[in-house]
Amino acid sequence: MPSKKALVRRPSPRLADGLVTHIAREKVDVGLAVEQWEAYVAALRAHGWETIEVEPADDCPDSVFVEDTVVMFRNVALITRPGAAARRAETAGVEEAVASLGCSVNWIWDPGTLDGGDVLKVGDTVYVGRGGRTNAAGVQQVRAAFEPLGARVVAVPVSKVLHLKSAVTALPDGTVIGHIPRVDRPSLFPGFLSVPEESGAHVVLLGGGKLLMAASAPRTAELLSDLGHDVVTVDISEFEKLEGCVTCLSVRLRELYA
Ligand SMILES: NC(=O)NCCC[C@H](N)C(=O)O
């Protein structure tokens, strides 16, 4: 059944200690990050999403990046096993949240690792990035979990950025967008549009043709508006300092049965 709920998780007071892998560490203003997070949540709500706050995980600096802990396909929630061991304690609260929403729950098991940021769904195609956080066993376990439900799982190499969705996301019409210097194999996607900024590669589909994007990609916002998309922007500068993007701050639940 169509639903419009989104999981979010309040930033930890320890946010500034979050992991950085591909970029130089910059000082994070936690107070500003909380304001930016509240504006992000307000933008989801303004576009009809009921936001559900997962119990905060104050001891986990990266817990605000809730997308990495669970992947939804239909009513099934696949609880991940994050590639960074430091993030594994984040999954317990998310598991509780999806179970209480009536999802069927499944898990990635050792030796598999998977970060939700490595999973891009385009219709029934589920692209899984095999990179620094998601391993081959993780990809196989996504296949085992979702292919019986009708998904087609396509593995994609990721070597230039943290996650697959740091490199590419998809527009409402299914076109995959990415900033070419950060995409390993653009030819793996049937329809690919190159965008001029790295953070322009990240869109959250709000519904009704609207796209949520980071304010740091004005040229991409212009390009997408010019192609007839309705762009809404939020400033997430403090999360970008930790390799976060608009996609990783929420998990949209669009097919709940409850
Ligand atoms: N899906 C995402 O893009 N997640 C961002 C995670 C950033 C966090 N600092 C990490 O390295 O795990």
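Here, residue 1 is the first one in the sequence, and each next residue gets the next number. Counting convention: from 1, in listed order, for ligands and their atoms alike.
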One finds that the ligand 1 atoms under 4.0 Å from a non-hydrogen atom of His163 are 1 (N), 2 (C), 3 (O), 4 (N)
Count the heavy atoms belonging to other residues, nucleotides or ligands that lie under 6.0 Å from CD of Glu53, then report whether that count exceeds 12. yes
Please indicate whether any nitrogen or oxygen in Thr21 is less than 3.5 Å from any nitrogen or oxygen in ligand 1. no
Taking only heavy atoms of Asp62 into account, list the atoms of ligand 1 that are under 4.0 Å away from them. 8 (C), 9 (N)
Starting from atom 7 (C) of ligand 1, what is the nearest protein heavy atom, named by residue and atom, and what distance separates them? Leu242 O, 3.2 Å
Quick check for you: to the nearest 0.5 Å, what is the distance between Met213 atom CE and Leu206 atom CG? 11.5 Å
Min N/O separation Phe65 to ligand 1 under 3.5 Å: no
Taking atom CD of Glu147 as the centre, does the number of heavy atoms from other residues, nucleotides or ligands within less than 6.0 Å exceed 12? yes
Would you check if the distance from the ring center of Phe189 to the ring center of Tyr127 is below 6.0 Å? yes
Looking only at distances, can you tell me whether any N or O atom of Glu67, backbone or side chain, sits closer than 3.5 Å to an N or O atom of ligand 1? yes
For Leu162, atoms of ligand 1 separated by under 4.0 Å from a heavy atom: 6 (C), 7 (C), 10 (C), 11 (O)
Around atom 2 (C) of ligand 1, find the nearest protein heavy atom and jot down its residue, atom name and distance. Cys248 CB, 3.0 Å
If only atom types and distance count, is the side chain of Ser12 paired as donor or acceptor with the main-chain N or O of Arg14 below 3.5 Å? yes
For atom 11 (O) of ligand 1, tell me which residue out of Arg87, Glu240, Arg133 has the closest non-hydrogen atom. Arg133
Arg152, CZ atom: more than 12 neighbouring heavy atoms under 6.0 Å: no
Could you list which atoms of ligand 1 come closer than 4.0 Å to a heavy atom of Gly117? 1 (N)
Starting from atom 5 (C) of ligand 1, find the nearest protein heavy-atom neighbour and note its residue, name and distance. Glu243 O, 3.4 Å
Looking only at distances, please establish whether an N/O atom of ligand 1 is found under 3.5 Å from an N/O atom of Asp68. yes
Heavy-atom contacts with Cys245 under 4.0 Å: which atoms of ligand 1 show up? List them by number with element. 3 (O)
